[in-house]
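Read the structure below first, then the notes.
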Amino acid sequence: MSDIIDTRQEFTQDFDHDAHHDVQPDRGIVRWLLTTNHKDIGTLYLWFSFLMLLIGGSLALVIRTELFEPGLQFIEPAFFNQMTTNHGLIMVFGAIMPAFVGLANWLLPMMVGAPDMALPRMNNLSFWILPFAFGLLISTLFMEGGGPNFGWTFYAPLSTTYAPDTVTYFILSIHMMGASSIMGSINIIATILNMRAPGMTLMKMPLFVWTWLITAYLLLAVMPVLAGLVTMMLFDIHFGTSFFNAAGGGDPVMFQHIFWFFGHPEVYIMILPAFGIVSQIIPTFARKPLFGYDSMVYATASIAFLSFTVWAHHMFTVGMPLAGQLFFMYATLLIAVPTGVKVFNWVSTMWRGAMTFETPMLFSIAFVVLFTIGGFSGLMLAIAPADYQYHDTYFVVAHFHYVLVPGALFSIIAAVYYWLPKWCGRMYDESLGKLHFWLSFIGVNVTFFPQHFSGLAGMPRRIPDYALQFADFNMVSSIGAFVFGFSQLLFLYVVIKTIKSGEPATGRVWEGAHGLEWTLPSPAPYHTFTHPPRVVDAEAHS
Amino acid sequence: MLFSSLYLRHRKSRGVEPAQFHESTAIEIAWTIIPTIILIAMAWPASQALIEMYDTGGEDMTVEVRGYQWKWQYKYLDADYNQTFAFFSNLATPADEIHNRSVKGEYYLLEVDNPLRIPANRKVRFLITSEDVIHAWWVPDFGIKRDAVPGMLNELWTIVSQPGIYRGQCTELCGKDHGFMPIVVEVLPEADYDAWYSEQLRQAQARKEALSKTFTADELMVEGEQVYNTFCAACHLPNGKGVPPVFPALDGSPIATGNRDEHIRLVYEGVPGTAMQAFGNQLDAVALAAVVHYERHAWDNDTDDVVQPRDVINLTAGEVQ
């Protein structure tokens with residue numbers, strides 16, 4: 001056994017050379033506007049995404065307030081549609097994706113032993129586009145005629161011929177988000193492929209690095225598709241083309257094919273980095289190496305590849321040939337195999353470990369369990385003839401919220417608790433962290449589990465009012481949403497308290513932590529690894 | 001068992017030493033192969049079901065289902081796919097119930113003025129399409145759902161053995177009143193259905209004969225108000241105030257108080273590129289004349305003209321039914 005311990009990655013590094021490079025940051029607002037430092041930009045991304053989480057969450061609470069009881073109490077249907085649309089857009093493009101990019105900025109250079117991201121100025125630009133993109137999007141809510149109201153999937157012709165005038169601003173803001181994502185992913189690929197420290201071979205990279213490398217390629221492949229799609233919309237609306245108008249020889253269904261060719265890989269863009277985070281945290285608190293590192297890498301790559309072949313499972317009811325239905329059903333079922341491998345690997349990592357249950361571990365275990373529930377409901381949706389019953393009902397809402405909230409979002413929260421001591425040099429309050437976990441865990445399940453039942457009972461999604469038989473489930477769901485929503489304010493409090501007055505953290509922070517970032521002092525100096533560390537070439541994952 | 005072994009026995013606080021195994025090719029292969037076999041076992045019956053659902057041939061009758069913002073139209077087609085008669089199916093729940101001013105009924109939001117009627121024990125084929133945006137037609141008890149896509153025709157079929165009332169809803173976001181366009185299907189015993197069908201044919205004939213009639217202003221106001229509340233009030237609101245700028249006010253509008261023929265033409269042709277539909281496709285000349293007459297005399301509007309069905313027919317060169 002002991003020689004296996006020795007074969008784990010061991011890293012040493014030399015601080016002497018770094019000392020005279022330790023330039024301190026500018027002061028005040030200029031630091032944040034002009035910064036090219038990966039840690040500063042990571043911080044900007046994380047705070048920005050938290051702000052978006054609160055805004056998107058507020059819209060969700062408006063929705064849940066209206067749905068608390070049958071009847072229209074607070075808002076009109078036209079405004080309700082703006083709430084669902086902007087909730088989706090803000091959460092997907094403003095909260096989840098930038099949070100992962102923020103984590104990538106903070107962690108990737110430290111994990112591969114690089115001094116910074118490969119393209120620091122572009123890094124600054126890709127962040128600073130975002131506030132303008134979302135400022136523009138959110139401002140449409142206050143314009144005459146209202147903001148986007150056609151769902152985050154913005155199907156034509158509801159989003160073209162029948163859209164409010166503000167759709168043009170929506171198109172521009174999507175273009176800006178896309179440009180930001182493309183620049184971010186180029187930066188990540190360049191950093192990972194070119195700036196690893198000597199000895200950090202691909203198959204020794206931490207899984208968070210691996211999953212982000214694959215995610216960055218997905219982004220690079222599909223964001224231009226989204227840009228093309230919104231450009232086609234722009235031409236249909238303003239320049240007299242008929243891409244999506246059957247009366248002019250176009251095809252509204254083509255919109256959906258293009259959208260989901262972007263949209264399905266997008267789903268994995270939001271979950272693969274989460275897989276990486278959980279694969280870092282679970283071994284730390286099980287004090288046992290990750291089970292099946294190689295198969296984790298291969299499973300991630302398989303999922304990414306398959307994600308390009310399953311898009312039309314979002315369109316089973318649109319009317320397509322039998323052969324198409326069968327192909328997309330089989331391809332979708334196939335994704336369950338590598339996903340299953342990952343879940344089995346996480347469970348096996350914990351098996352016979354020496355476990356402790358700090359907050360990041362609690363969020364990670366909840367991720368494994370609740371993501372698996374989302375995976376199983378996904379399997380139910382994959383069966384095309386059964387999907388006819390589930391399609392566009394609350395069952396789908398429950399499914400994708402299970403993979404995105406206790407999936408993607410929990411992994412981000414876990415990551416913040418796990419690396420926050422490294423970032424700010426102080427420990428968070430463990431009791432408050434655990435309280436935050438249990439409130440979130442209960443809140444999320446009370447919110448979304450009943451939605452499975454209202455969906456199976458026949459409640460369509462995106463409706464502002466509903467028949468009486470759905471009343472009880474909706475009331476429970478709304479109560480859960482308020483618990484979950486407000487417990488994120490506790491998260492904000494915990495993070496601020498940590499930064500201001502937490503106990504000092506050690507360099508290693510966690511007893512079982514391994515990886516280059518833990519060889520640095522806490523807080524990590526402004527510049528790190530200005531000279532590459534020596535990565536001890538152990539057979540880490542043979 | 002799994003959880004207790006994982007989380008209770010193997011707590012660090014119990015002093016356990018972590019095992020250090022981290023790989024097993026055999027077990028990796030096993031948990032790749034076994035789920036694959038389970039998935040194939042799931043895919044097999046699913047494929048069989050799908051093949052049967054796609055067999056839309058051999059139907060006894062065909063109904064065209066057409067989605068509109070925000071109502072359904074049912075067109076009964078004969079063996080040559082010509083329309084015999086058609087009607088709209090609108091939400092019947094009163095606005096007072098929706099706005100909590102009166103007690104909600106048992107079928108709140110799941111009730112319509114004219115349900116689709118089909119016979120029991122016959123294979124009914126549905127041709128599904130849309131006039132404007134994408135809708136989706138779903139009756140959960142029939143296990144069928146299909147998108148209504150403008151410019152495309154989708155097929156579905158069902159055979160219902162149990163007469164009764166079946167309810168569903170639009171399931172594709174289609175704009176403001178997406179939540180307010182339910183589907184109600186009344187399945188009649190075969191003999192009852194045949195009797196109802198003959199009566200509908202007779203009424204369609206009678207309606208055609210009314211086109212040449214001259215109506216009094218009062219008759220037009222009564223008919224017009226009914227048409228307005230069914231077809232126009234969702235956007236322009238019952239009080240004619242609309243929701244500007246998307247849905248303009250009619251009360252005091254230059255069109256509803258201006259030239260009569262331009263008003264008829266606008267309702268008949270719609271306004272391309274906006275939510276204003278071409279009602280020439282949806283209403284006959286009697287209904288068009290009545291609703292235009294109503295809009296010109298309701299609220300504070302008070303023009304001195306009368307609109308007759310023949311005015312509509314003359315203006316549109318006889319295209320209107």
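Sequence lines set the chain letters: A, B, ... in the order given, protein chains first and strands last, and positions in each chain run from 1.
Only the side chain of A:Gln256 comes within contact range of chain B, judged by heavy atoms closer than 4.5 Å. Using a 4.5 Å cut-off between heavy atoms, B:Glu28 touches chain A through its side chain atoms alone. The contact between A:Tyr155 and chain B is made entirely by side chain atoms (from C-beta outward), counting heavy-atom distances below 4.5 Å. Interface remark: A:Phe244 contributes no atoms to any contact with chain B (heavy atom separation under 4.5 Å). Heavy-atom distances place no part of A:Glu69 under 4.5 Å from chain B, backbone and side chain included. There is no contact between A:Thr349 and chain B, counting heavy-atom distances below 4.5 Å. Proximity to chain A involves both the backbone and the side chain of B:Asp132, based on heavy atoms less than 4.5 angstrom apart. Contacts of B:Leu110 with chain A are made by side-chain atoms alone, with heavy-atom separations under 4.5 Å and no backbone atom involved. Residue B:Ala43 touches chain A through both its backbone and its side chain, counting heavy-atom pairs closer than 4.5 Å. Neither the backbone nor the side chain of B:Glu155 comes within contact range of chain A; no heavy atom of the residue lies under 4.5 Å from a heavy atom of that chain. For A:Asp251, the part lying near chain B is the side chain, with the backbone staying farther off; criterion is any non-hydrogen pair under 4.5 Å. When heavy atoms are compared at a cutoff of 4.5 Å, A:Ala467 approaches chain B by way of both its backbone and its side chain. For A:Ala286, the part sitting under 4.5 Å from any heavy atom of chain B is the backbone (N, CA, C, O) and nothing else. Using a 4.5 Å cut-off between heavy atoms, B:Trp138 touches chain A through its side chain atoms alone. Neither the backbone nor the side chain of A:Phe80 comes within contact range of chain B; no heavy atoms are under 4.5 Å apart. Heavy atoms closer than 4.5 Å to chain B are found nowhere in A:Phe285, neither backbone nor side chain. Proximity to chain B is limited to the side chain of A:Tyr330, based on heavy atoms less than 4.5 angstrom apart. Looking at A:Ala156, the atoms closer than 4.5 Å to chain B (heavy atoms on both sides) all sit in the backbone: N, CA, C or O. When heavy atoms are compared at a cutoff of 4.5 Å, A:Pro70 approaches chain B by way of both its backbone and its side chain.
Residues A:Leu158 and B:Leu173 approach most closely at CD2-O, 3.5 Å, considering heavy atoms. Listed here is the closest heavy atom pair of A:Pro464 and B:Phe180: CG-CE1, 3.8 Å. When all heavy atoms of A:Ala246 and B:Pro150 are compared, the pair lying nearest together is CB-O, 3.6 Å. Across all their heavy atoms, B:Arg146 and A:Val318 have their closest contact at CD-C, 4.4 Å. Across A:Pro385 and B:Met53, no two heavy atoms sit closer than the pair CB-SD, 3.7 Å. Between A:Pro460 and B:Thr171, the shortest heavy-atom distance links the atoms CB-CG2, 3.6 Å.
Highest contact tally toward chain B, considering only A:Gly250, A:Ser295, A:Pro338, A:Gly151, is held by A:Ser295 [criterion: heavy-atom pairs under 4.5 Å]. Put simply, of B:Ser47, B:Pro45, B:Gly105, the one with the most heavy-atom pairs under 4.5 Å next to chain A is B:Ser47. Options A:Ser348, A:Ala247, A:Pro164 differ in how many heavy-atom pairs under 4.5 Å they form with chain B, and the most are formed by A:Ser348.
Under a 3.5 Å cut-off, the side chain of A:Gln389 and the backbone N or O of B:Pro140 do form a donor-acceptor pair. With hydrogens and angles disregarded, no donor-acceptor distance shorter than 3.5 Å links the side chain of A:Lys288 to the backbone of B:Ala19. With hydrogens and angles ignored, the 3.5 Å screen pairs a side-chain donor or acceptor of B:Gln20 with a backbone N or O of A:Arg287. Checking side-chain atoms of B:Asp147 against main-chain N and O of A:Gly319 turns up no donor-acceptor pair under 3.5 Å. For the pair B:Lys145 (side chain) and A:His391 (backbone), a donor-acceptor distance under 3.5 Å is present. Panel note: side chain A:Asn81, backbone B:Gly175; a donor-acceptor pair is recorded below 3.5 Å.
The residue from B:Thr36, B:Ile33, B:Ile38, B:Ile34 that alone fulfils the side chain to side chain contact (heavy atoms under 4.5 Å, CB included) condition with A:Val337 is B:Thr36.
No more than 12 heavy-atom neighbours from other residues, nucleotides or ligands sit within 6.0 angstrom of CD on B:Glu17. Within 6.0 Å of NZ on B:Lys241 lie no more than 12 heavy atoms contributed by other residues, nucleotides or ligands. Around CG of A:Asp165, the count of heavy atoms belonging to other residues, nucleotides or ligands within 6.0 Å does not exceed 12.
Rounded to the nearest 0.5 angstrom, A:Asp294 CG and B:His22 NE2 are separated by 9.5 Å. Taking CG from B:Leu50 and OH from A:Tyr388, the interatomic distance works out to 4.5 Å, rounded to the nearest 0.5 Å. In this structure, CG in A:Leu379 is found 5.5 Å from CG in B:Leu39, a value given to the nearest 0.5 Å. One finds the OG1 atom of A:Thr317 at 9.5 Å from the CD1 atom of B:Ile134 (value rounded to the nearest 0.5 Å). Between atom CG of residue A:Leu334 and atom CD1 of residue B:Ile40 there is a gap of 9.0 Å, rounded to the nearest 0.5 Å. Atom-to-atom distance recorded for B:His178:NE2 and A:Thr84:OG1 is 9.0 Å, nearest 0.5 angstrom.
Using a 3.5 Å distance cut-off with no hydrogens or angles, the side chains of B:Tyr54 and A:Gln325 do pair a donor with an acceptor.
Using a 4.5 Å cut-off on side-chain heavy atoms (C-beta onward), B:Ile27 and A:Phe344 make no contact.
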